[in-house]
Amino acid sequence: MCGIVGYVGPQQAQGVVIDGLRRLEYRGYDSAGVALVVQGGTVVTAKKAGKLANLEKVLADSPLPASTTGIGHTRWATHGPPTDVNAHPHDGNAHRIALVHNGIIENFADLRARLEADDHVLVSQTDTEVVAHLVELQVQSGEDLTTAMQRVCQQLEGAFTLVAVDSQDPDRVVAARRNSPLVVGVGEGEYFVGSDVAAFISHTREALELGQDQVVTITRDGVEITDFDGRPAQGRRFHVDWDLSAAEKDGHDWFMRKEIFEQPRAVADSLLGRRTRAGLLQLDEMRLSDDEIRDVDKIIIIACGTSFYAGMVAKYAIEHWTRVPVEVELASEFRYRDPILDYSTLIVAISQSGETADTLQAIRHARTQRSKVLAICNTNGSTIPRESDAVIYTHAGPEIGVASTKGFLTQLVACYLLALYVAQVKGTRYGDEINQVMGQLEAMPDHIETVLSASESVYALAREHLDTRSVLFLGRHAGYPVALEGALKLKELAYLHAEGFAAGELKHGPIALIEEGLPVLCVVPPRGRDQLHEKMLSGIQEVRARGARTICLAEEGDTRIEPYADVLIRLPQVPTLLQPLVAIVPLQLFACELASALGHDVDQPRNLAKSVTVE
Ligand code: M6R
């Protein structure tokens, strides 16, 4: 996710800002920029696609004037590819202000249309530039930058952190936040704003936490906080005692753990802006026409690893809501079986990185057979979406841990959205049914939060298994891919023998593996659907009768499971199709903690690469 820094004080702002951006590099980014306010009434900007080194080269070739007020940004592309023009900061047509942004402005298309109707010329494809124009309009009408920011924030929908400077007010930096991170650093006669404390920790360890929907103004004299209506507000003062590397991980020991805890936010972000005011589902980036979707009579999902398991869950959802048959295929196998494809087959390629070679080769093959390809991807500007006919971006933010966590959850969200969208276009579900599921999806971040709040008990359970050499995972229906993904997490992180099975298949062979004390993690489906729950209970009894130690993930209120569970982990009550979004979380925590307790490198497990760019 984007990194943001703002500074006002006695030091040269350029050095402070670049230093802050460097410390935010771990967040992942694809372009960078700075803006400085120069005494005498101008704002100067430098920005460049690529790594910070590219920006530094620009600054070395064409040095900016001295300045003690500045802002900086590392951009992780969402709206528009990573180019020089789309890099932040952005300004308005009068070039009076400069503004950087993290998040997504949901109503930017409406706002942009209004600006263009008033003869504003917007040069980038970003949602951010729209906000820069709006803030500039306000300051040109005579408001100070703080009031301008308050007024503009009232017009914005979505999640955002904004930071701006005004050439006519050289000692002021103004920032705002809604559902997106922003902290203030409090120094001696100098103040900072940042996406997190890593942005300023080398200058001060005193910080202020802001509340929701607040605007903060920093000057050399201090900090002033208000709400979006201009009413005074308070921040919470705290002292940062983390070392620098812990600060980058938000206090967690591993990026993976941090990313597990980011999942409620990532899921919420992936759902932002998907419904029109009229209640219809919209997928902005998806470039397939309704006619093309109506023509689809078969969907083939291709992916690898965790993304493949997301595809397996998607099959249940797509077939249930759309009645279109779905096949799910490992990308590495796809083209070698000479698949039967034509223009009415939609290929859905799921890839967090957008660079996986197996998946890329598979979509290239599909396109030679005239099939349309839709990518579900977390990385804007990557190869797979670029070579696809359509794309749905997930908004997980950069995933640094090699083991995919928030990438998986946001892929599930994108798959649900795709399924509902196809159902809407094909008319296989009524609008109120689609809205009901959207409401259930929008409640998922809170449910995931509930699961995370019980993390300590899962950690304790993981630490009981330090001597375990083998673990089995059972699931049925949408819980089966969760079992497979739970096993994959344990294999790749803890280097254990771990296998996932469809619970009904057990008696056809794998039950021979059960021996006294073998841990078996069971994903129990919600009650009351197609006898799934009852059948799962039978499977659990079968392994328990043969000595297995059953660790059951079951919904609140499920008392039937109690006699058969040696350990019970409770899940919130959610519909069967959406249960993977909560059921996988304890399995991620389990694998992360067990690997950590075993002394393994959780973020970079042996033999693995984050992005597998060879076949
Ligand atoms: O970037 P992709 O989603 O295409 O990556 C696919 C797999 O390589 C990836 O999911 C891998 O299995 C992860 N290590 C799982 O944690």
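Counting convention: from 1, in listed order, for ligands and their atoms alike. No hydrogens, no waters, no symmetry mates; every other heavy atom, side chains included, goes into these values. Count residues from 1 along the sequence.
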(message) Are there over 12 heavy-atom neighbours, none belonging to R323, within less than 6.0 Å of that residue's CZ?
(response) no
(message) If you count every heavy atom of other residues, nucleotides or ligands that lies below 6.0 Å from Q604 atom CD, does the total exceed 12?
(response) no
(message) Quick one: does any side-chain atom of H73 pair with a main-chain N or O of H101 as donor and acceptor, under 3.5 Å?
(response) yes
(request) Decide, yes or no, whether a salt bridge links E327 with R337 under the criterion of side-chain N to carboxylate O below 4.0 Å. (result) yes
(request) Note the single closest protein heavy atom to atom 5 (O) of ligand 1, along with its residue, its atom name and the distance in Å. (result) T356 OG1, 3.5 Å
(request) Show which atoms of ligand 1 fall inside a sub-4.0 Å distance from at least one heavy-atom site of S351. (result) 1 (O), 2 (P), 3 (O), 4 (O)
(message) Please classify the E355 to ligand 1 contact at 4.0 Å (heavy-atom distances, strictly less than): side chain, backbone, both or neither.
(response) neither
(request) Taking only heavy atoms of S404 into account, list the atoms of ligand 1 that are under 4.0 Å away from them. (result) 15 (C), 16 (O)
(message) As an exercise, identify every atom of ligand 1 less than 4.0 angstrom from a heavy atom of V402.
(response) 13 (C), 14 (N), 16 (O)
(request) Among all protein heavy atoms, pick the one closest to atom 10 (O) of ligand 1 and tell me residue, atom and distance. (result) T306 N, 3.1 Å
(message) Is it true that T356 and D358 share a donor-acceptor pair across their side chains at a distance under 3.5 Å?
(response) no
(request) Within a distance under 4.0 Å of any heavy atom of K489, pick out the atoms of ligand 1 and give their elements. (result) 15 (C), 16 (O)
(message) Return the closest protein heavy atom for atom 1 (O) of ligand 1 as residue, atom name and distance.
(response) S353 OG, 2.7 Å
(request) Would you check whether T359 reaches within less than 4.0 Å of ligand 1, judged by its heavy atoms? (result) no
(message) Please list, in number order, the atoms of ligand 1 under 4.0 Å from a heavy atom of A403.
(response) 16 (O)
(message) Quick check with a 6.0 Å cut-off and a 45 degree axis cone: is R469 positioned over the face of Y495's six-membered ring?
(response) no
(request) Among all protein heavy atoms, pick out the one at the shortest distance from atom 6 (C) of ligand 1; state its residue, atom name and that distance to 0.1 Å. (result) C304 O, 3.4 Å
(request) Go through the steps to decide whether E399 and K406 satisfy the test salt bridge (charged side-chain N to carboxylate O under 4.0 Å, His left out), and finish with yes or no. (result) CA-CA 7 Å; E399 194 176 61; K406 59 179 182 169; over 6 Å; no
(message) Do H497 and E499 pair up side chain to side chain, a donor and an acceptor below 3.5 Å, judged on atom types alone?
(response) yes
(message) Does the Lys NZ or Arg CZ of K51 fall within the cation-pi geometry relative to Y29 - under 6.0 Å from the ring centre and within 45° of the axis?
(response) yes
(request) For atom 16 (O) of ligand 1, grab the closest protein heavy atom and report residue, atom and distance to one decimal in Å. (result) E492 OE2, 2.5 Å
(message) Suppose we measure from atom 8 (O) of ligand 1 to each protein heavy atom; which comes out shortest, and what is that distance?
(response) V612 CG2, 4.1 Å
(request) Would you tell me whether S307 and Q411 have side-chain atoms, one donor and one acceptor, within less than 3.5 Å of each other? (result) yes
(request) Number the atoms of ligand 1 from 1 as they appear, then name those within less than 4.0 Å of a heavy atom of Q352, with their elements. (result) 1 (O), 2 (P), 3 (O), 4 (O)
(message) If the cut-off is 4.0 Å to any non-hydrogen atom of S307, which atoms of ligand 1 fall inside it?
(response) 2 (P), 3 (O), 10 (O)
